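Quick note on labels: first sequence line is chain A, next is B, and so on, each numbered from 1. Just so it is clear, the values below take in all heavy atoms, side chains as well, and ignore hydrogens, waters and symmetry mates. Bear in mind the structure is a predicted one, so any value in this text is a computation, not a measurement.
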Protein chains: 2
Amino acid sequence: MRASRRPGPGAHDVTRTILRGPTIAAHEPPVEPPPAARTGRRVPARRPTMKDIARRAGVSESAVSFALNDRPGVSETTRSRVRRVADQLGWRASTAARALSGEGAATVGLVLARPASSLGIESFFLQLVSGIQEVLSERHLGLLFRVVAGAEEECAVYRRWWAEQRVDGVIVVDPRIGDPRPALLDSLGLPAVVVGGREVDREPQEPVPYPVISTVRVDDAAAMGAIVEHLAGLGHRRVVHVAGLAGLAHTTRRVASLRAGAASLGMSAVRSVTTDYSEGQGAEATRLALAGPEPPTAIIYDNDVMAVAGAGVALGMGLSVPRDLSVVAWEDSALCRATHPRLTALDRDATAFGRRAAEELVGLLGGRPARDVAQPTPELVVRDSTAPPLRG
Amino acid sequence: MRASRRPGPGAHDVTRTILRGPTIAAHEPPVEPPPAARTGRRVPARRPTMKDIARRAGVSESAVSFALNDRPGVSETTRSRVRRVADQLGWRASTAARALSGEGAATVGLVLARPASSLGIESFFLQLVSGIQEVLSERHLGLLFRVVAGAEEECAVYRRWWAEQRVDGVIVVDPRIGDPRPALLDSLGLPAVVVGGREVDREPQEPVPYPVISTVRVDDAAAMGAIVEHLAGLGHRRVVHVAGLAGLAHTTRRVASLRAGAASLGMSAVRSVTTDYSEGQGAEATRLALAGPEPPTAIIYDNDVMAVAGAGVALGMGLSVPRDLSVVAWEDSALCRATHPRLTALDRDATAFGRRAAEELVGLLGGRPARDVAQPTPELVVRDSTAPPLRG
DNA sequence: CGTCAGCACTAATGCGCTTTAGGGACGCGT
DNA sequence: ACGCGTCCCTAAAGCGCATTAGTGCTGACG
């Protein structure tokens, strides 16, 4: 595995450019034929380095560096010539070398801490990632991706990435209640953007933001408000909220917002139950709610899969959606449009969300100070799964 | 952004270890206090380097390198002492430095060339990725992830990654009919694993495999055979196959296998139509098929979302699943279990698939020669959406 | 008692790039 | 004619690690 690619010390190339001055320099000094041509065996292409450019352009390596990085110190003539040679050779800076000389790794990291099984059901993440990509790729930043089982492991990954100099910053998802990650990242000095972060006016115990950590907020309260208003307007008084993971900050926010909204709108009975987002627990929660004493006339699900599963359960119990039960999904997707009836859903635009987060991180890496930015409130798309309740 | 972290040339540390021999060496020579302690300002932790270890362990950097890489050249005593110091300091090799000294980037790449919109609906990919991760992470390999719009862009990404020394190998998905990627990767000498690759006995025009490109095959023919057999056994004679993207190799294979299987089982009318995997086109194809002259009694969908959408369309047209129409999804997921009726589906185990691919790539990187490995044939999970046709 | 092998370890070099410290050549002012 | 500043450009150092070529030192062997 460890091939000895190195020439012996005696083989060191001592060719030097003698001629001076750009106009009379030898543009194409006698270059030895590429090794492939000599050996006949197919050798994978060698990547060109700045040394190659320097030789062919008849200047020093430093001049090449200045020229290619738009730094002063070379004439325009030389700069353009160097550029041309670089293009011609198909040169790209080695990120390893760049990183080593202090430029950073040109990479940002993203860790998903969810059990593998629940990953596939969350279409949200892939869309988020593709939004992130749109921004990163135009800046030629790489995305280092990792799936882990839990929070501790996630922290270990950050530590490792930092120590290995693998990333310049990270995007943190699924903020939790007593989240250890911001403090960790801050202590490492690793710039980060927390997506779906704190609600400024709702969790004031959160102290002043860390200097290198931005937050992209979503207004869960307003979103839940829209849902509650919609349901109350239809006449629903008994609502169940099949929420997501108990530890997540946005779960807490949604639960609280539901309670607050319901109170102000005079709903008699609302309650939330937490789940692991799986269709199994969604179905089970639905079954329990509908079989209970005062069954709800509407259920709000924290994701699309559970909503579909719940609607299926209702159907199986002989109920009709939306006649006997209204269903709202917190997350619009193909799923909500594909099922029958089509589900009323909250459209979050995960792609835009990812874009926003990536932009913020890019800003941070560029030296912009950390801040909180707000993401537009998601829109409730009313479809066929919500209607006035039959029995009051 | 470009902070001058560098000490002047005069500041070079000339401290030297005078004492010789491991047992009497000064284990903890007078170390200057960490900068943070001096300045008082919070400074992000500096990552320890081998030089730090060397100093504290009282040995040379080379000795440290030998010790930490399990290479001969140091005594066991020294080795363990160095290890201890390294642990204590929380040292991790900088991947940048490692890459620069020829060890590779310790990273593999994965490019998804699908429109962003269609990404979210394919739960397959996230599961594939999480399977890949399971293997990569235990080897401490990173996964560089990229979403692009099309095939040319994908090739450009490979080129760039190669030139920038960002990855040691890549995992290629969605093999196409006249796929340019294997040849490109081969010419770059970039090890790769193609997942869902060629069917050995079905596309003999494919020449001898490239020396650094392995393939993880799936037996689409056998899978389609199982489906056809199941449907034929129930008595279906008119079947429509709502397939995926026309250019993909596996689409071609499935279409061909369906035709072959149907012929051998005496089905009268089978046909395939290609789509973009979206629920919209799945619904549309279903509508067209059911409204046509000889409507099918069963439809096979190339993914779960289209299957659900198709079932919805049938419902909307007043048909009952499975009484009037049987539905099979090529891809099992929460979706298939959550809808009502639950869908008969082909369970591919995308996670295992990813694991397999990653293992193969790791082998390749370790010097194992390229080869074709077969993934177990997916299993047909029969649920409630398939039954004997009512009208023959 | 000289010699040579073998061991434990250090010095030095290179990977590809950035950056700092010069170093000639030229022009301008006195 | 000399000093001085500018402009272009080169030399050299350094980032953190792996690796190769030594370098003393010990012990065994003749």
Residue whose closest nucleotide on DNA chain C lies nearer the 5' end, Gln165(B) versus Val74(B): Val74(B)
Please report, rounded to the nearest Å, how far the C1' atom of dT10(C) is from the CZ atom of Phe66(B). 9 Å
Quick one: label Arg47(B) by what it contacts on the DNA or RNA (base, sugar-phosphate, nothing), any heavy atom closer than 4.0 Å. nothing
Assign Ser65(B) to base, sugar-phosphate, or nothing according to its heavy-atom contacts below 4.0 angstrom with the strands shown. base
Between Arg84(B) and Asp87(B), is the closest basic N to carboxylate O distance under 4.0 Å? no
Considering only residues two or more places apart or on different chains, which pairs with a residue in residues 147-158 of chain A satisfy salt bridge (charged side-chain N to carboxylate O under 4.0 Å, His left out)? Glu154(A)-Arg181(A)
Specify the separation, in whole Å, of atom CZ of Arg55(B) and atom P of dC9(C). 20 Å
Measuring to OP1 and OP2 of dT18(C), would you say a side-chain N or O of Arg71(A) lies under 4.0 angstrom away? no
Could you state the atom-to-atom distance from CG of Leu89(B) to C1' of dC17(D) in whole Å? 16 Å
Met50(A) has an atom CE; how far is it from atom P of dA11(D), in whole Å? 14 Å
To the nearest Å, how far apart are Ile53(B) CD1 and dA18(D) P? 10 Å
Under-4.0 Å side-chain N/O to phosphate OP1/OP2 contact, Ser75(A) with dC9(D): yes
Considering just the side-chain nitrogens and oxygens of Thr78(B), establish if one lies under 4.0 Å of OP1 or OP2 belonging to dC9(C). yes
Figure out the CD/C1' separation between Glu61(B) and dG16(D), and round it to whole Å. 8 Å
Under 4.0 angstrom, heavy atoms only, what part of the nucleic acid is Arg79(A) near: base, sugar-phosphate, or nothing? nothing
Nearest heavy atom decides the nucleotide; on that basis, is Ala97(B) or Glu76(A) closer to the 5' end of DNA chain D? Glu76(A)
Spell out yes or no: do the side chain of Ser62(A) and the base of dA11(D) have one donor N/O and one acceptor N/O closer than 3.5 Å? yes
Looking only at heavy atoms, which two atoms of Pro48(B) and Leu89(B) are closest? And how far apart? CG-O, 3.3 Å
Closest non-hydrogen atom pair between Ala113(B) and Gly150(B), with its separation: CB-O, 4.0 Å
What is the distance, rounded to the nearest whole Å, between atom CH2 of Trp91(A) and atom C1' of dG16(C)? 9 Å
Could you tell me whether the side chains of Arg166(B) and Thr107(A) share a donor-acceptor contact shorter than 3.5 Å? yes
Using 0.5 Å steps for rounding, measure from the CD atom of Glu103(A) to the OG1 atom of Thr95(A). 12.0 Å
For Glu76(A), what residues pass the salt bridge (charged side-chain N to carboxylate O under 4.0 Å, His left out) criterion, not counting sequence neighbours? Arg79(A)
N or O in side chain of Ser60(B) less than 4.0 angstrom from dT10(C) OP1/OP2: yes
End axis versus end axis in the helix from dC1(C)-dG30(D) to dT30(C)-dA1(D), the angle rounded to 10°, five pairs used at each terminus: 70°
Take atom CZ in Arg83(A); do more than 12 heavy atoms of anything else shown fall under 6.0 Å from it? yes
Looking only at the side chain of Arg98(B) (C-beta and beyond, no hydrogens), which of the listed nucleotides dC17(C), dA18(D), dC9(C) gets closest? dA18(D)
Integer-rounded Å distance: dC15(C) P and Lys51(A) NZ: 5 Å
